[in-house]
Structure formats: structure tokens, C-alpha cells
Protein chains: 2
Amino acid sequence: MAEPIPIRGGKPSGDARRPGRAPAGPYLYAALRDQIVRAELAPGERLSETELGERLGVSRTPIREALGRLRDDRLVEVRPQIGTFVARISPAAVSDAQFIREALECTAVRVAAELADVESMAQIEENLRAQERAIERVDIDSWQLLDDTFHRNLCDLSGHPAVWPVNERAKSHLNRLRRLSLRMPDYLSTMVGDHRAIADAVGGHDPDAAEVALREHLRAVLREVPRIREEHPDYFEEP
Amino acid sequence: MAEPIPIRGGKPSGDARRPGRAPAGPYLYAALRDQIVRAELAPGERLSETELGERLGVSRTPIREALGRLRDDRLVEVRPQIGTFVARISPAAVSDAQFIREALECTAVRVAAELADVESMAQIEENLRAQERAIERVDIDSWQLLDDTFHRNLCDLSGHPAVWPVNERAKSHLNRLRRLSLRMPDYLSTMVGDHRAIADAVGGHDPDAAEVALREHLRAVLREVPRIREEHPDYFEEP
DNA sequence: GTCCGACCGCTTGTATACTAGTATTTCTCG
DNA sequence: CGAGAAATACTAGTATACAAGCGGTCGGAC
């Protein structure tokens, strides 16, 4: 697992300190969530607060705060007195997350298509070019960040910045699948092609076309589920 | 404020114990959220973890857990070393919450209208009758619970039970306004009339009519905002 | 050989203590 | 009398200790 996170109040590990000495909870939450999404903490794996604290160089208290949020996100399951377990991927939870994601992002993209101005489209264009550069470098990590930024920018273009945080947490299960999808050949090029189609519809002020393109794009990951399940049956809940 | 909450581990206050001795955090979260929604904890009011713990008969730890979730819901703002403040109602947050609520509930009701069967409609009918009885008794608390159940049942009818918890947390700001709306004469009768129109469209398997009726219904509370703001200007953020 | 009870090791939930930061109040000096 | 500095009181964040519960193991009895 990761080396101890340098944060305020934690036992010194080397002299590395996080700039600004921000509270540890949010940082730990992001770090643990990322490890779960990347399957570095495998579905079904048993965690303990004490052990996580020792590994990350902090006491149980900020670990508990982070795990509390992960429990809210349904990424871990806490069983009192037994332990904390990385949640397995539930087909029902995936279906629910997909429903929420489509409802939020497709509604937002319609409004974005109505409101899009030159400045917003320039920002989206820049993001698309960065995605293409990341693919040329086969830099999957960068591409994934840019992918998220693309979708976030569209949501924010609706004028409702609170949509993205809600969407992001609701789609945690999908993020796990998306991460597992990335190793398919030509997958990223297909994704960027979809992104360009969506951007063209938004820039052309066509809400219907934007929604259709986005909905189709969002469903791509679901088509990967059977293959992912075949490669990683232990990642999934029993049906 | 409320008398101490009987929970596991807390200092005994009388001998009342909650059945099953469940953890305190979720209970405190619900209690504090309810007090914020009811404006019993006024917007802008300064809380401290120590004081809340003393009032509620528990240590700071479960209070912190509850406040962490309330912070996620944007119902409180935590300023380290200064205090925790009940969030004022932000017009932008209200607008965002309304957007999310419409996106989720209107998408869900369309699916519900397609899937509704006799058993589901019977459950919704029973809820509507209970709403009418609550209005006859002028029992606003019961009605509000039934109102939530009505909307929840519609969401659940989409086959995606995860929608409601996401929606419920996202619309916390709207709940505050809904609570403040209830004292209008004839408001509840209008609400139940809307509910019946929605139910009729769902039962009639008419997704378009169900969405239109629900969207109009959901927007009713926004029309109350100017009056609420006039009566309680201190509840709102500066524009 | 099987079953049951006791014990141990681990867990989470909560209480308490410590630390660092912030704001307010009080005191001193010009 | 006002301004600035120092002291004080409060806060949240984190570390640590204690309590209760759960599951597994081992030993004794049948």
C-alpha cells in the first residue's frame, strides 16, 4: 500500500509535510477511494482501522472519518467488531449508479447545449486536445483525469456546480468499472470520438443531439461488464 | 434543544436506552438534520461540538461523525478552530438542489409510469388516503412524512432504490424551504391534489403526463421563496 | 470423535486528553 | 482616550485509552 501520507499531526515520516497542513480526513478519503477505484484495494478485502492507520502513519481518528465517507459512497462496508470490507461490485448498485448518472448528466448537458458560449467551448476544445495528446503518450492516468474534467465541465456548464459532486459520489461503482475497462485496445480513441460528438452537439446548441450522444457514450462502460466479470469474478457480488 | 439522546455508551440520562443500542452517529445525524430542517437550529447559529455533546449526553466523537455528514450535505459549515455554523439558505444551493431533484425524480417517474403495476398503485393509493386523513387532522408532521413517502415510493418504483437516498441528501436545502412553506392556508390541499394528478398519470402509464405533473409540483416550493425570504431574511445568504 | 464452553485476539464505537489555531478581552503605554 | 500587545477562552483536529462485541481456537467432557 501507499507510504504514510504526510499530514498535520501525524507521526513524522521523513520530514515531508503537506503544504498548508490541511486536515487529514479529506486527503485520506481521496487516497483510499482512488485505491478502491483502481482495485489496489481489492473488492472483498478486509481492512482494519488500526492497520490502515499504521500503514498511513496516522491515528484511527482521521482514518475513521475517511472510512465514514467511503461507507456513505457504498465503497466499503463496516461491520462493527468484525472489520471493514471493500465492497464488491453489485450489479444492482451499478444499475442504480448508471441511472443516476444518466439522469444528472443528460439533464445537465441539455441545459449546457442551450447556454454554451464561445469561452466555454474553447475550454472544452482545449480539454479534447489534451485528451488526444494523452492517448498519443499512452498516458492512461492523465487521460482519465481529463475524461473526468470533460464530464465535469459539461455539468458545470449547466450553471449548477453542485451537480458534479453529487454525480461523482453516486457513480463511484461505475468508476471502478471504467478503470477496469481502460485496458481494451482502441477504447480510449472511441471514448474521445464520443466526446467530440458530444462537444459538437453542445457547441451547435442542439440539446436533443447532445443528450443522445451523451447517453450512448455513458452506456459504453456497461457493455464491458460481462468481460470484466469473466476476468475478475471475485470482484462481483453473487447474483 | 432536545433532551439527551439515549444511545449506547453515552452517559446515562435516566435509564432510557435505545432498543438494540445502535451506534449513535446515524441517530444524531438524523436528529440534528431534522432540527436544521425545522429551523429549530436557526440558519447562521453557531454550534460547538463540545456544547452539542453536553446537551445530547454524548462525547464529541459521535457528534463529529454526525456533523461530518451534515457538512457533506451542506447543511453546516465547519470552520476549524472557530466553530460550526448552521448554513444559511443559499439561493444558488437551492437552485442546484432543485435541478438535481427534478433530474432524478422526473427521470424516475417516467420509468415508474412504464413499470407501475396493480400492487404498486395500491400502495400509492393508500398513501394518498393517509395524506388526506392527516390534513383533516391538521397533522402537519404526519403529512410531511407521508409526503416524503409518496415521493420515495415513486422513485423506488423505477427499480432503482439508490436514487432516493441520493435525492434526499441533495435536496436538504429544499426541505428547509418546504418546512417553512407549510403554514400557508390551503397549501397542503394543493399538494395532495398535485400528488393525485401524478399518481393518476403513473397509473395510466403516461410518462409524459407524469413528468409534466411532477415537474410542476416540484416547482411549487420555489414560488414560496420570496415570501419566506421576506419573513426570515436572516435565514438567507446575502445575494 | 464430537460437541460445548471458555478464553483470546481482533474489531469498531465512544470517551477523554492533547495540540494548534482563532477570536475576543484585557491591560499597558503613549 | 485610543492603539497595540498580551493573555485568555474557545474552537476543531488528532492521538490515545477504554468498553463491548464477534469470531476463532483450544481444551475438556461425554
Side-chain angles (χ1 to χ4, degrees), chain A residues 4-13 16-32 41 44-72 75-87, chain B residues 4-13 16-32 41 44-72 75-87:
Chain A
I5 296 173
I7 48 160
R8 166 189 177 193
K11 301 170 191 157
S13 52
R17 296 285 179 183
R18 267 180 57 220
R21 296 176 69 89
Y27 186 80
L28 292 168
Y29 164 73
L32 289 170
L41 292 172
E45 179 171 341
R46 181 168 177 274
L47 314 173
S48 86
E49 297 169 5
T50 308
E51 186 189 342
L52 282 173
E54 285 170 2
R55 276 199 221 177
L56 299 175
V58 294
S59 77
R60 284 179 53 213
T61 311
I63 294 289
R64 282 183 60 78
E65 179 184 335
L67 287 178
R69 293 192 87 206
L70 291 169
R71 175 170 61 183
D72 278 349
L75 289 175
V76 299
E77 292 164 10
V78 179
R79 297 165 75 180
Q81 280 67 55
I82 300 181
T84 298
F85 297 84
V86 179
Chain B
I5 296 173
I7 50 163
R8 165 193 178 190
K11 299 169 190 157
S13 51
R17 296 285 178 183
R18 265 177 62 217
R21 295 176 70 86
Y27 187 80
L28 291 168
Y29 165 73
L32 290 170
L41 291 172
E45 179 171 342
R46 182 167 175 275
L47 315 171
S48 85
E49 298 170 4
T50 308
E51 184 189 343
L52 282 174
E54 285 169 3
R55 276 198 221 177
L56 299 174
V58 294
S59 77
R60 284 179 55 213
T61 311
I63 295 288
R64 281 183 59 78
E65 179 185 335
L67 289 177
R69 294 192 88 207
L70 291 169
R71 176 169 60 183
D72 279 348
L75 289 175
V76 300
E77 292 164 10
V78 179
R79 297 165 74 180
Q81 280 66 58
I82 301 183
T84 297
F85 298 83
V86 179

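Numbers restart at 1 for each chain; the letters A, B, ... are given by sequence-line order, proteins then strands.
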S.K.: Taking the side chain of B/Val58 as heavy atoms from C-beta outward, which of C/dA15, C/dG13, D/dA15 is closest to it?
M.R.: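 Minimum distance to the B/Val58 side chain belongs to C/dA15.
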S.K.: Looking at CG of B/Leu70 and CG of B/Leu28, how far apart are the two atoms once the value is rounded to the nearest 0.5 Å?
M.R.: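 The CG atom of B/Leu28 is 10.0 Å from CG of B/Leu70, to the nearest 0.5 Å.
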S.K.: Starting from P on C/dG13, measure out to CG on B/Leu28 and report it in whole angstrom.
M.R.: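 My rounded result for the distance is 13 Å.
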S.K.: Is the closest side-chain heavy-atom distance between B/Leu52 and B/Leu32 below 4.5 Å?
M.R.: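 Of all side-chain heavy-atom pairs linking B/Leu32 with B/Leu52, at least one is under 4.5 Å.
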S.K.: Quick one: B/Ile63 CD1 to C/dT16 P, roughly how many Å, whole number?
M.R.: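 Those two atoms, CD1 and P, are 13 Å apart.
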S.K.: May I ask you to verify if any side-chain N or O of B/Thr61 is less than 4.0 angstrom from the OP1 or OP2 atom of C/dT14?
M.R.: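 Indeed not, no polar side-chain atom of B/Thr61 lies that close.
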S.K.: If you assign B/Arg71 and A/Arg60 each to the DNA chain D nucleotide with the nearest heavy atom, which residue ends up on the more 5' nucleotide?
M.R.: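 The residue whose closest nucleotide sits nearer the 5' end is B/Arg71.
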S.K.: Quick one: list whatever passes salt bridge (charged side-chain N to carboxylate O under 4.0 Å, His left out) with A/Glu65, sequence neighbours left out.
M.R.: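 For A/Glu65, the residues satisfying salt bridge (charged side-chain N to carboxylate O under 4.0 Å, His left out) (neighbours in sequence not counted) are B/Arg71.
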S.K.: Please state how far atom CD in A/Glu77 lies from atom C1' in C/dT12, giving the value in whole angstrom units.
M.R.: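 These atoms are roughly 15 Å apart.
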S.K.: Find every protein N or O atom lying less than 3.5 Å from an N or O atom of nucleotides 9-11 of chain C, and list the pairs.
M.R.:
| residue | atom | partner | partner atom | Å |
| --- | --- | --- | --- | --- |
| C/dT11 | OP1 | A/Ser48 | OG | 2.8 |

S.K.: Could you give the CZ-to-P distance, from A/Arg64 to D/dG13, as a whole number of Å?
M.R.: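 Taking atom P of D/dG13 as the reference, CZ of A/Arg64 is at 16 Å.
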S.K.: Report the residues that fulfil salt bridge (charged side-chain N to carboxylate O under 4.0 Å, His left out) with A/Glu51, sequence neighbours left out, ordered by chain and then residue number.
M.R.: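 A/Glu51 satisfies salt bridge (charged side-chain N to carboxylate O under 4.0 Å, His left out) with A/Arg55 once adjacent residues are dropped.
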S.K.: Can you see which heavy atom on B/Ala24 is nearest to which on B/Pro62, and at what distance?
M.R.: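 That would be CB-CB, 3.8 Å.
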S.K.: Check the distance between C/dT14's P and A/Glu65's CD and give it to me in whole angstrom.
M.R.: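 After rounding, the reported distance stands at 15 Å.
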S.K.: Report the residues that fulfil side chain to side chain contact (heavy atoms under 4.5 Å, CB included) with B/Arg46, sequence neighbours left out, ordered by chain and then residue number.
M.R.: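 Side chain to side chain contact (heavy atoms under 4.5 Å, CB included) list for B/Arg46, sorted by chain: B/Phe85.
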